[in-house]
Amino acid sequence: MIQIAIMGLGTVGTGVARVVEENAQQIQRKLGEPLQVKTVLVRHFHDGPYRHLMTDDFRKIEEEPDIRVVVETIGGVDAAYTYTRRALEAGKHVVTANKQLVAEKGCELLALAREHHVRYLFEASVGGGIPILHPLTECMAANRIDEVYGILNGTTNYILTRMVRSGASFEDALREAQKKGYAEADPTADVEGIDAGRKICILADLAFGRQVDPERVPMEGITRLSLQDVEIARQAGYRIKLLGRAVRLQDGACSAYVAPHLIPAEWPLASVEDVFNAVVVKGNATGEVMFYGKGAGEMPTASACVADVMEALQTGCGSDIGWEKDGAFKDPLELTSRYYFRIEGSLERAASFGTVKCLWEDMGQTALLTDPISGRKAQELAHAVQALMCLRVLE
Ligand code: HSE
């Protein structure tokens with residue numbers, strides 16, 4: 001019998017306990033022994049099927065030699081960071097879905113895991129149930145990765161889909177996403193692009209092999225978007241999607257950010273709806289590869305956690321990943337692309353924009369697409385004409 005512990009019994013922690021129970025036979029066949037949750041760390045005891053496993057004392061996990069893997073689903077940095085460090089120092093593998101902790105402290109925790117000959121694994125931290133980190137670091141290991149981008153937040157994609165398809169209000173769609181267990185405890189992290197920002201940092205860390213500090217990554221969410229822009233974009237053959245994007249630049253530096261984008265309606269990414277996420281990886285040998293699946297929710301995310309538990313048990317300290325602490329980072333305002341603007345007045349007000357394509361004129365407003373310009377130039381133009389909307393176009 002192999003024993004594990006779960007720290008935190010929210011949506012994902014509960015899912016991990018359920019997957020271990022419901023897929024016991026399948027897991028045992030792969031591991032050669034049954035897997036069992038021995039202890040669940042909670043802050044407050046509560047009723048439910050795992051009541052008999054609960055403790056509020058971390059030492060019951062730390063000092064229990066039979067517990068070989070600890071699944072951290074507490075979230076945030078404070079307690080999660082302290083307990084992860086202590087679990088690794090106690091010689092236990094740690095598996096997590098905690099993207100904030102991995103994005104901020106991943107480099108340090110991976111080094112600590114190496115020092116103690118255990119694994120720190122976090123497949124569930126990006127894309128929920130989609131296998132993306134393992135394929136990126138293993139199956140695509142022979143490539144130079146030039147770019148990673150995608151729809152990285154299920155809650156915002158769900159909200160956008162519900163607003164566009166059935167005219168739901170932002171608030172109603174967010175409430176639905178919360179009820180389905182997609183949203184973060186504080187959904188500000190979802191709607192303001194912070195959750196997607198942490199995920200693009202982790203993807204960039206792994207893709208480029210250097211730390212991308214979340215503090216340096218501009219993160220914008222969907223709160224500024226209006227249905228009017230969504231509709232103008234649709235009529236012009238585009239869809240608006242919240243994308244995280246990380247790019248390797250020619251001088252070896254990298255850049256990363258999160259923002260809503262216009263993308264061509266015929267791109268596979270444009271038809272990714274509801275809670276689904278999709279990540280596109282550009283390798284210099286493979287070309288574009290896309291990963292698609294459920295990016296949030298109890299069972300998809302738990303499936304990735306339990307697979308990591310199994311990997312840690314099967315490979316021990318055998319294979320590992322990591323990235324360098326400091327990497328050169330360039331402001332994404334340096335990146336060039338076409339831009340979508342909606343402005344007050346006629347096209348003449350955009351005389352300083354260079355060559356533009358008019359998309360729509362109505363009610364004293366104009367929507368247009370520019371030729372490729374830098375983000376900095378777009379920001380200056382937006383400021384000069386007090387643009388009602390300014391969005392990057394990826395095509
Ligand atoms: N709140 C996140 C999302 C959960 O909606 O994508 C998965 O990381």
Side-chain angles (χ1 to χ4, degrees), residues 8-16 19 71-77 80 95-104 106 121-133 136 148-163 168 170-206 214 217 219-223 225 241-245 258-260 269 272-279 291-308:
L9 202 60
T11 305
V12 182
T14 306
V16 170
V19 170
V71 182
E72 183 271 301
T73 58
I74 300 171
V77 169
V95 164
T96 190
N98 184 341
K99 49 256 155 166
Q100 182 178 2
L101 187 59
V102 179
E104 292 181 20
L121 292 167
F122 40 87
E123 180 63 63
S125 66
V126 179
I130 309 172
I132 169 65
L133 303 186
L136 179 64
V148 186
Y149 63 92
I151 296 169
L152 301 175
N153 182 268
T155 300
T156 44
N157 206 42
Y158 182 85
I159 293 173
L160 284 177
T161 307
R162 292 282 294 117
M163 285 172 71
F170 180 90
E171 289 74 21
D172 285 348
L174 173 57
R175 252 192 305 276
E176 283 171 28
Q178 283 175 300
K179 242 172 56 199
K180 286 174 183 279
Y182 302 155
E184 297 301 295
D186 174 3
T188 318
D190 294 298
V191 299
E192 299 292 357
I194 300 162
D195 178 77
R198 291 170 180 147
K199 292 169 182 166
I200 198 63
C201 287
I202 298 171
L203 287 167
D205 293 335
L206 292 170
V217 173
M219 300 172 191
E220 184 191 334
I222 59 167
T223 49
L225 284 182
K241 291 289 185 188
L242 182 69
L243 301 184
R245 183 170 173 232
V258 178
L269 214 54
V272 173
E273 297 201 316
D274 291 314
V275 72
F276 286 88
N277 284 191
V279 186
F291 301 86
Y292 169 82
K294 280 193 179 157
E298 180 181 326
M299 295 303 263
T301 313
S303 133
C305 285
V306 178
D308 272 355

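All ligand and atom numbering here is 1-based and tracks the order in the structure.
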List in chain and number order the residues that pass salt bridge (charged side-chain N to carboxylate O under 4.0 Å, His left out) with K99, two or more places apart in sequence or in another chain; answer none if no residue qualifies. E184, D195
Those protein residues which place at least one heavy atom below 4.0 Å from ligand 1: K99, N153, G154, T155, Y182, A183, E184, D190, D195, K199, G295, A296
Answer yes or no: is there a donor N or O on one side and an acceptor on the other, between the side chain of K199 and the main chain of L152, under 3.5 Å? yes
Can you name the residues that form a salt bridge (charged side-chain N to carboxylate O under 4.0 Å, His left out) with E220, not counting sequence neighbours? R224
Taking side-chain contact (heavy atoms from CB on, under 4.5 Å) as the test, write out the residues that go with D186, two or more places apart. T188
Exactly one of I132, I130, V126 should register a side-chain contact (heavy atoms from CB on, under 4.5 Å) with N277. Which one does? I130
Is any side-chain heavy atom of P214 less than 4.5 Å from a side-chain heavy atom of M219? yes
